[in-house]
Amino acid sequence: MKDVMDERLLKPYNPKEHEDALYETWQKSGFFTPEKTGSEDGPRFSIVLPPPNVTGTLHIGHAAMLAIEDSIVRYKRMRGHKTLWVPGTDHAAIATQSRVEADIYKKEKKTRHDFEREVFLKQVETFAQESHDTIVNQIKKMGASVDWSREAFTLDEKRGRAVNTAFKKMYDDGLIYRGARIVNWDPKLQTTVSDDEIEWQEETAPFYYLTYGPFTIGTSRPETKFGDKYVVMHPDDARYAKYKDGQKIELEWINGPITATIVKDSAIDMTFGTGVMTITPWHDTTDFEIAERHDLDKEQIIDERGILLPVAGEFAGQHIKKARPLIVEKLKEKGLLEKVDEKYVHNIAINSRGGGVIEPQIKKQWFVAVDKEFTLPRSSIEGISSGATTTLKRLMRHVVESKQIQIIPDRFEKIYFNWINNLHDWCVSRQIWYGHRIPVWYKDSQIHAGETPKESGWTQDPDTLDTWFSSGLWTFSTLGWPDTENADFKMFHPTSLLETGYDIIFFWVARMILMSGYLLGDVPFKTVYLHGLVRDAKGRKMSKSLGNTINPLDMIEKYGADATRLSLLIGAPAGNDISLSEDKIRGYKHFANKIWNAARFVLSNTNSMSINAAPALSEIDARTLSEFETFTKEITADIEAYRLHLASEKLYHYFWHTFADVIIEQTKPRLKDDANGQDKISAQYTLLYIFTDCIIMLHPFAPFVTEAVWSVMPGTKNLLIAAPWPDTKPITS
RNA sequence: GGGCGGUUAGCUCAGUUGGUAGAGCGUUCGCUUGACGUGCGAAAGGCCACAGGUUCGAAUCCUGUAUCGCCCACCA
């Protein structure tokens, strides 16, 4: 028997001997492209790869994402769908730039302002290119069957055209406006960041009670208080009933006597402190809103680098950090400091993109208006007809509410709605250099948006766009938009599925819904599958500082891509965080070997067998095959419902503990040379039949070992990647 | 302050529509069985957080409690 076996099968399965070559074979075969899959008028399946940031390398969370998406894509392809999976990378503007800035500062003690804009950008681009190359290699190592011929980058020329087109249209519709509003300013990176990019950290800091005329006010930031000339209290607060809104009072303040104005506003929490506060509209969001409501003056106290302005009098020119104790000292000397609570706990805002402590500032920025009405000229969205008037917020809510977009697991719909209800206008301008330059030019008091003006004298806005502006267009900018006649766009949009981590539902998923709702009058995808975070074996978040990270490339090197994929799929239902240990991955390496060894047994015992026509079956085999048919349907149903964690685990369990432990063992005596001829044939047929379909069904989850087995099976001409899924075939004759 | 999720074997976690509990790793004992010692056979180990309720029947549905965690908002 052994002389006719493929000699590769005689050794244990070694992933390294097969994986790169198989990937190469797949790629050359063309099956990664829709041109080679499905049929023109048949079902289609399209999905975009959430573009990884070009900030370095892929982590295990990316590996989980690739494993899930590739399993689904391979399944759809085998089901005969015309299948497209678009790969790409994200320039991740601020994250990438701050990473490069940090590197440069470490090496040369220089900031980006020590370089010309273009010179600095060249360095960022070089770094981005290197990251890109690493990432592409990692995606391939995972076995992801993406269509490389359609690879995109959020900052390439085509995506730039999409961004400018989108911006211009929104500007013309009045949905993008420029306004002086309070924004999250990062003094370290010298840029604004969006609300979603802020992380709150608990901090214990002194809390000062200050005498402000007849009142006592509390603050943790005395350095902002110089310009405070409005004192605010709740209109229903009986303690302060004798003071009237608009009333003026004279009082002694940090740098001398001032006139303060009483303001009554219900934003005040009567139970907090004394129920009275002064406001600093330039440097606090709540204060800004109060000032807007009452049309109060706003004065800047601190500049963009954190330096006190002339309003601070003798403290002008000092950094707020250094000035604070001095200011407190002066307040004490003047008898204005009543007491200090040293153990006051509050939250401070940090720029999560590698930046510093947020200092709110009023700045002229570009915003996307989410509550402004506009007319949607063409709509494919049910419940919103062409020509209807709506707002971005209503649009975003409607498509999910009406189930035109289904979110899996559905509990995230609530989280999504909750976010929309709290949504403010989206600040899209950033004072960084790496990214899409805002397509707006100024000349005297004129403003021009869209294309570069032909005449001279125009100056382009120096800012760039929030990186999520370009990623919001991703499902259609990758398919040729703004050319709506593009074949890919017509064939594949809206996309079938969006698969991504629940942590970017707001950043990205919501923004894609916004952008395609507005620009196309359509949904960007029909289903959203959200996966969780990959945590360590103890359920802790993986981080470099904890030293508990698992590098996917190391795991592939040690245990193979199939084992790595299975460890990230099995036991990982949608929306749940998963714990991963190296032991788990090792366990699935054993499974790959088990498949390999089973192949050796099956093939050496059924060599010339064909499963195209069933022989007369013994009773036991008919029953086994019938049970297998039920199993096949169950697996198919699980995958269709995106229960990949169940489908993969059931396949694992069936293959090992039913097929290998029971069916193979039960078959052994029946395969002996002196066994009954008819029964032997029946047993051989059953073995080969179930084995073949198991290999097919395991392929989406463990593509390498299954394709390797397939290649040594007699009678398999085509690649497994393109083999038809078994659920439609008749099982018994 | 608002919302969401977890609480199941020693550890980390599955359990799709309610029908007397499963995986990986770990533990114990045995096995040169002709696919596989990356294996095979066997075993130990869980009143499915707690208390009520619905039901013929609940880990699974409802109510409450405890506890851990996450998200959002952000109070000077």
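Basis for what follows: all heavy atoms, side chains included, without hydrogens, waters or symmetry-related copies. Just so it is clear: chains get the letters A, B, ... in the order the sequence lines come, proteins before strands, and each one is counted from 1.
- rG45(B) and rG2(B): their C1' atoms are spaced 42 Å apart (whole Å).
- In the set rC13(B), rA35(B), rG34(B), the nucleotide with an atom closest to the side chain of Asn597(A) is rA35(B).
- Look at the P atom in both rC50(B) and rC11(B): the space between them is 16 Å, to the nearest Å.
- Counting non-hydrogen atoms under 4.0 angstrom, Thr280(A) reaches nothing in the nucleic acid.
- The side chain of Glu649(A) approaches rA14(B) more closely than any other nucleotide in the set rA14(B), rC36(B), rC75(B).
- Taking 4.0 angstrom as the limit, Lys594(A) places a side-chain polar atom (N or O) nearer than this to OP1 or OP2 of rC40(B).
- Both the sub-6.0 Å distance and the 45° axial angle are not jointly satisfied by Arg221(A) relative to the ring of Tyr344(A).
- Put simply, OH on Tyr588(A) is 19 Å from P on rU38(B), counting in whole angstrom units.
- Taking atom P in both rA44(B) and rC29(B), one finds a spacing of 15 Å when rounded to whole Å.
- Contact between the side-chain N/O atoms of His653(A) and the OP1/OP2 oxygens of rG22(B) is not found at any separation under 4.0 Å.
- Looking at heavy-atom distances under 4.0 Å, Glu634(A) makes no contact with the nucleic acid at all.
- Judged by Watson-Crick or G-U wobble contacts below 3.5 Å, the nucleotide rC70(B) has rG3(B) as its partner.
- Nucleotides rA59(B) and rA66(B) have their P atoms positioned 24 Å apart, rounded to a whole Å.
- A close approach under 4.0 Å does not occur between any side-chain nitrogen or oxygen of His645(A) and OP1 or OP2 of rC13(B).
- Using atom P as the reference point in both rU28(B) and rU20(B), the two lie 32 Å apart (nearest Å).
- Nucleotides rC71(B) and rC36(B) are separated by 47 Å at their C1' atoms, to the nearest Å.
- Taking every side-chain heavy atom of Pro12(A) into account, rU38(B) is the closest of rA14(B), rA76(B), rU38(B).
- What separates CG of Asp410(A) from P of rU16(B) is a distance of 14 Å, to the nearest Å.
- Between Phe591(A) and Leu566(A), the closest side-chain pair of non-hydrogen atoms falls below 4.5 Å.
- Contacts of Ile268(A) with the nucleic acid, taken as non-hydrogen atoms under 4.0 Å apart, include base atoms.
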Pull out every protein N or O sitting under 3.5 Å from an N or O of nucleotides 67-72 of chain B, one pair per line with the distance.
from: rC72(B); atom 1: O2'; to: Asn422(A); atom 2: ND2; distance (Å): 3.4

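- Shown here for Ile258(A) and Asp228(A), the closest heavy-atom pair between the two residues is CD1-O, 3.5 Å.
- Ile664(A) comes within contact range of at least one nucleobase, with a heavy-atom separation under 4.0 Å.
- Side chains of Asp265(A) and His294(A): a donor-acceptor N/O pair is present below 3.5 angstrom, by distance only.
- Base contact: Ala598(A) has a heavy atom under 4.0 Å from a base atom.
- Heavy atoms of Trp200(A) sit under 4.0 angstrom from at least one base atom.
- Under the 3.5 Å distance criterion, with hydrogens and angles disregarded, a donor-acceptor pair is assigned to the side chains of Lys225(A) and Thr278(A).
- Under 3.5 Å, the side chain of Asn347(A) and the base of rC74(B) form at least one donor-acceptor pair of N or O atoms.
- Note on Lys584(A): every side-chain N or O is 4.0 Å or more away from OP1 and OP2 of rC25(B).
- Residue Thr219(A) is in sugar-phosphate contact alone, with no base atom involved, counting any heavy-atom pair closer than 4.0 Å across all strands shown.
- Comparing rC36(B), rA23(B), rG34(B) against the side chain of Glu665(A) picks out rC36(B) as the nearest.
- Comparing the C1' positions of rG57(B) and rG24(B) gives a spacing of 32 Å, expressed to the nearest Å.
- Here Ala660(A) lies in heavy-atom contact (under 4.0 Å) with a base.
- Among the protein residues, Asp661(A) comes within range of the sugar-phosphate backbone only, with heavy atoms under 4.0 Å from sugar or phosphate atoms but none that close to a base.
- Which of rC40(B), rU12(B), rC4(B) sits closest to the side chain of Trp656(A) comes down to rC40(B).
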- Message: Please determine whether side chain to side chain donor-acceptor pair (under 3.5 Å) holds for the pair Ser352(A) and Glu197(A), giving the CA-CA distance in whole Å, both sets of side-chain angles, and the decisive distance to 0.1 Å.
- Response: CA-CA 6 Å; Ser352(A) 65; Glu197(A) 284 165 325; over 6 Å; no

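- At a threshold of 4.0 angstrom between heavy atoms, the contacts of Thr286(A) are confined to the sugar-phosphate backbone, with no base atom among them.
- Ranking rA23(B), rC75(B), rU16(B) by closeness to the Arg643(A) side chain, first place goes to rU16(B).
- Taking atom P in both rG3(B) and rA73(B), the straight-line distance is 15 Å, to the nearest Å.
- Taking a cutoff of 4.0 Å between a charged side-chain nitrogen and a carboxylate oxygen, Glu640(A) and Arg79(A) qualify as a salt bridge.
- Phosphate proximity of rA76(B) to His346(A): present, with a side-chain N or O under 4.0 Å from OP1 or OP2.
- Nearest to the side-chain atoms of Leu646(A) among the listed nucleotides rG39(B), rA14(B), rC40(B) stands rA14(B).
- Lys225(A) comes within contact range of the sugar-phosphate backbone alone, with a heavy-atom separation under 4.0 Å but no base atom that close.
- Salt bridge annotation for Lys403(A)-Asp410(A): absent, with no cationic side-chain nitrogen under 4.0 angstrom from a carboxylate oxygen.
- At a threshold of 4.0 angstrom between heavy atoms, the contacts of Gly273(A) with the nucleic acid are absent.
- Side-chain contact annotation: Trp426(A) with Ser194(A), donor-acceptor N/O pair under 3.5 Å absent.
- Side-chain nitrogen and oxygen atoms of Lys668(A) include at least one within less than 4.0 Å of the OP1 or OP2 phosphate oxygen of rA35(B).
- In this structure, a donor-acceptor pair under 3.5 Å is absent between the side chains of Asp583(A) and Ser581(A).
- At a threshold of 4.0 angstrom between heavy atoms, the contacts of Asp503(A) with the nucleic acid are absent.
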